[in-house]
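Take a look at the structure below.
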Amino acid sequence: MKSILIVCFTSIFALNLQSQTKPWQGKFEPIDNMVDQPNTYRSASGAPGKDYWQQRADYKIKVRLDEPTNTISGEETITYYNNSPDDLSYLWIQLEQNINKKGSEDFGSLNDIKDGISTRQMQFLTRAIDFPAGYTIKYIKDINGNSIKSLVNNTMMKVLLDQPLKAGESMSFSIGWSYPITDRSMFMLSREGYEYFPEDDNTVYLIAHWFPRMAVYNDTEGWQNQQFQRLGEFALEFGNYEVDITVPADHLIASTGQLQNPSEVLTKNQQERLQQARTSFDKPVLIVTKEEAVSNEKTKSKKLKTWKFKATNVRDFSFASSRKFMWDAQAVKFSDHTTMAMSFYPKEGLPVWREESTKAVVNALEVYSEATFEYPYPVAISVNTSNIGMEFPMISFNGGRPKNGTMSDRAKQGMISTIVHEVGHNWFPMIISSDERKWMWMDEGLNTFIHQRTLAERYPDFNSTTPKSVVPYMSGDKSIMRPIMTTSDDELFSQFGSNFYQKPTVGLQMLRHSIVGKELFDQAFKEYCNRWKYKHPNPGDLFRTLEDATAVDLDWFFRGWFFTTDNVDMELSNVKWFKVYEEKLNIEDQSKNVKMKIEGENAGEKAKDFSSGPEVITMASTPDESYGGFLSRLNEPELRKQLSGKNIYEVTIKNVGGLVMPVTVEWVFKDGTTEIDKLPAQVWRLNESEIKRTFVKDKEVVKVNLDPNFEFADTDMTNNSFPKVEEKSDFDKFKEKN
């Protein structure tokens with residue numbers, strides 16, 4: 001019996017391996033050795049483990065913006081909680097403003113010198129017109145006022161402790177600092193700074209990564225140790241903030257957190273309008289009008305006001321300040337609280353910002369909350385600026401501005417899409433706090449995935465990301481391509497949008513729509529979001545959670561889509577058409593064997609289409625010895641009866657691109673009807689380069705297509721049909737145009 005089984009299995013494997021044209025690459029092997037191993041901090045299910053810990057940092061900050069000199073200066077007290085099991089002899093502080101110094105690590109990057117280069121690009125490269133930038137650290141003191149030693153390494157500062165901060169303990173210390181606010185027009189990828197408006201001699205200030213902030217210390221990396229190089233963003237700890245912001249008295253501030261002293265900084269009319277907005281759930285209420293903003297532009301007050309804000313359990317703090325701002329707000333109701341959706345914009349943003357910005361904030365809050373968890377914070381703010389989209393807790397800076405009061409439909413789509421995207425970053429990574437500096441795709445890719453869902457549900461006419469969107473990128477030059485699992489600053493600038501935004505989004509779309517299924521995937525994705533809100537997930541935590549919550553082995557997908565630069569290119573190599581020969585055959589007589597008969601002019605050759613008819617075959621009765629020790633027998637007459645008159649098609653598919661995916665086969669019948677068969681990705685397990693599958697159809701087939709709905713980003717659709725679709729020559733295309 002054992003020898004019979006061995007012979008059978010050997011024959012099966014031989015059939016599967018005989019056409020293997022490429023070396024085995026282990027596409028279905030586990031990825032356990034490619035991600036952080038589970039332990040008591042991070043469980044094998046993808047959830048935080050029973051001993052999971054993370055650090056915490058609370059901030060009390062007093063800051064002053066000096067408009068005549070465009071400088072900002074502040075004093076802060078940090079209370080740092082060492083929740084780790086380790087004693088810490090030093091702390092690391094992030095000093096992102098030092099990136100603007102001429103001698104920083106990334107100076108002159110992201111550009112090439114070439115003939116006809118613009119003056120602005122040349123300034124990026126050479127900084128021929130120099131300007132002051134970077135922090136001046138005035139002091140670092142302990143709670144008793146004693147100086148603490150420190151060492152600055154570019155955008156990081158090491159704080160040397162006299163005594164180790166023991167596990168489970170906390171400490172407070174203070175820092176005094178200042179820096180020149182930079183002109184945003186002078187930098188590529190500028191996420192903060194000021195924008196000057198020559199026409200009315202006013203400025204909009206976007207104040208971000210502005211104060212010295214604690215770096216992350218965690219269980220998988222220890223201290224976060226990657227310098228800020230503009231492309232990779234931030235890794236930050238959660239904490240509570242109390243921030244006092246002193247600005248010119250005629251400035252209006254949009255900020256992270258909740259305003260604590262409205263009666264001191266807002267007029268009576270503004271306070272009344274703000275109160276009215278708290279119960280306006282269907283439309284925004286103007287709190288500062290255009291007329292008031294235009295009048296305000298002319299005042300240039302020499303007096304100062306201090307705005308006080310508090311924010312609870314956030315990982316960062318940002319604000320915008322200007323006398324140019326208009327301001328509107330609308331209430332959004334959640335199960336146990338109300339959030340104020342707000343927009344701040346200069347008159348240059350009219351009319352589209354008045355019409356669309358807060359509406360887009362509301363749409364984002366509602367769809368993201370449904371897809372993940374309810375937005376927890378009291379405000380969500382969109383601030384109009386030039387050229388960028390940049391996110392911080394509760395506030396985002398968003399480009400998109402009309403020219404002479406008009407805006408094309410395409411530009412308006414871009415503006416609204418940017419607002420939705422940046423508001424969505426409140427979830428990824430502001431609450432589900434992944435390390436942006438190391439894994440940009442974990443915030444940009446996951447955020448773009450729900451951002452696209454928001455557009456599909458609330459703006460269905462907008463252009464959207466689909467599997468077809470990544471085809472130009474994935475069919476590109478592999479020698480310069482990087483896997484998604486590449487750290488943020490190691491990605492080519494020209495490709496980071498495709499690799500960190502689009503490709504992860506399309507991967508999640510394929511899982512949702514074509515591999516796992518919408519209902520099961522949505523539950524699993526929500527599980528990940530709720531497991532890791534206010535925590536620091538790594539890629540392995542996402543991968544494990546999606547498998548744990550779907551009961552689907554997805555290692556093959558994560559390995560191919562995230563860890564390689566392979567692409568999907570399935571070739572429908574051949575389709576053979578068979579019928580079982582029945583002449584003089586009594587299908588009730590299973591003892592009768594009939595010799596094989598082949599009909600058709602091209603029998604035995606590889607068919608180019610179905611015009612030569614089917615290849616006619618016979619079925620012989622199964623010998624008793626083939627059953628081994630089984631005493632029961634197949635009902636052969638019934639089998640013959642079931643196949644009588646049926647069309648049998650053997651399909652051969654080659655994996656040209658290297659990336660395994662499920663197979664969708666569309667059958668087009670002679671009567672014009674169609675039918676779909678779906679095969680799981682596991683059909684490639686025994687042969688990663690070629691598979692054959694057999695299908696039985698009642699009707700005659702005239703055409704077979706792979707991936708007819710373009711679900712899997714196949715980079716070459718010309719080899720997806722049988723009979724093959726002949727491409728027109730360049731000459732024929734030229735003739736058609738002329």
Side-chain angles (χ1 to χ4, degrees), residues 22 24-36 44-46 439 441-442 444-446 448-450 452 465-471 473-474 481-486 498-528 537-570 653 655-664 678-689 691 706-707 709-715:
K22 298 177 183 177
W24 177 78
Q25 297 178 38
K27 296 181 186 296
F28 287 90
E29 291 302 297
I31 62 169
D32 294 355
N33 64 336
M34 303 171 77
V35 294
D36 295 324
S45 70
W439 307 116
W441 69 268
M442 285 195 74
E444 297 297 356
L446 272 61
T448 304
F449 171 60
I450 305 297
Q452 291 297 315
T465 295
T466 67
K468 191 170 290 187
S469 305
V470 297
V471 167
Y473 168 66
M474 296 189 71
M481 203 176 291
R482 305 284 191 272
I484 293 175
M485 288 292 289
T486 299
S498 297
N499 206 29
F500 291 149
Y501 291 68
Q502 282 193 322
K503 189 178 176 185
T505 295
V506 168
L508 294 171
Q509 288 174 341
M510 291 192 295
L511 289 174
R512 185 179 191 234
H513 296 293
S514 305
I515 297 173
V516 174
K518 184 182 292 187
E519 184 176 7
L520 194 57
F521 178 85
D522 285 352
Q523 291 175 354
F525 191 80
K526 185 175 286 192
E527 181 72 25
Y528 164 76
N538 290 331
D541 302 315
L542 171 64
F543 298 153
R544 289 189 172 102
T545 295
L546 292 182
E547 292 186 317
D548 178 72
T550 61
V552 179
D553 178 4
L554 296 170
D555 278 17
W556 62 270
F557 180 82
F558 299 139
R559 174 185 288 273
W561 196 257
F562 287 87
F563 288 90
T564 78
T565 59
D566 290 348
N567 59 284
V568 179
D569 181 8
M570 297 185 194
I653 304 169
N655 181 3
V656 179
L659 203 58
V660 294
M661 278 290 162
V663 179
T664 303
K678 295 187 175 184
L679 304 175
Q682 284 71 17
V683 296
W684 300 97
R685 276 187 177 276
L686 300 181
N687 189 330
E688 298 170 347
S689 58
I691 58 172
L706 296 182
D707 195 12
N709 299 317
F710 212 95
E711 298 173 84
F712 300 110
D714 195 309
T715 59

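Just so we're clear, the structure is a prediction, and the values are computed from it rather than from any experiment. Side chains included, hydrogens not; waters and symmetry mates left out as well; all remaining heavy atoms used.
To the nearest 0.5 Å, the span separating CE on Met442 from CE on Met485 amounts to 8.5 Å. If you take OH on Tyr501 and CD1 on Ile484, they are separated by 14.0 Å, rounding to the nearest 0.5 Å. Rounded to the nearest 0.5 Å, atoms CG (Asp707) and NZ (Lys678) are 10.0 Å apart. Atom OG1 of Thr505 is separated from atom CH2 of Trp441 by 11.0 Å, given to the nearest 0.5 angstrom. Taking OG1 of Thr448 as the start and CD of Gln509 as the end, the distance is 10.0 Å to the nearest 0.5 Å.
Put simply, the residue from Lys518, Lys526, Glu519 that forms a side-chain contact (heavy atoms from CB on, under 4.5 Å) with Asp522 is Lys518. Across Phe558, Phe557, Tyr528, a single residue satisfies side-chain contact (heavy atoms from CB on, under 4.5 Å) together with Phe543, and that is Phe558.
Looking at heavy atoms from C-beta onward, Val506 lies in side-chain contact with Pro467 at the 4.5 angstrom threshold. Residues Glu547 and Asp553 meet the side-chain proximity criterion, which asks for heavy atoms closer than 4.5 Å. Between His513 and Glu711 the shortest side-chain heavy-atom distance does not fall below 4.5 Å. Side-chain contact between Met661 and Trp561: present, with at least one pair of heavy atoms (C-beta onward) separated by less than 4.5 Å. Contact check for Ile691 versus Val663: side-chain heavy atoms found under the 4.5 Å cut-off. Residues Thr550 and Leu511 are not in side-chain contact: their nearest non-hydrogen atoms beyond the backbone lie 4.5 Å or more apart. Using a 4.5 Å heavy-atom threshold, the side chains of Phe521 and Leu508 count as touching.
Residues that satisfy the salt bridge (charged side-chain N to carboxylate O under 4.0 Å, His left out) test with Asp32, not counting sequence neighbours, are absent from this structure.
Across all their heavy atoms, Asp566 and Gln25 have their closest contact at OD2-OE1, 4.5 Å.
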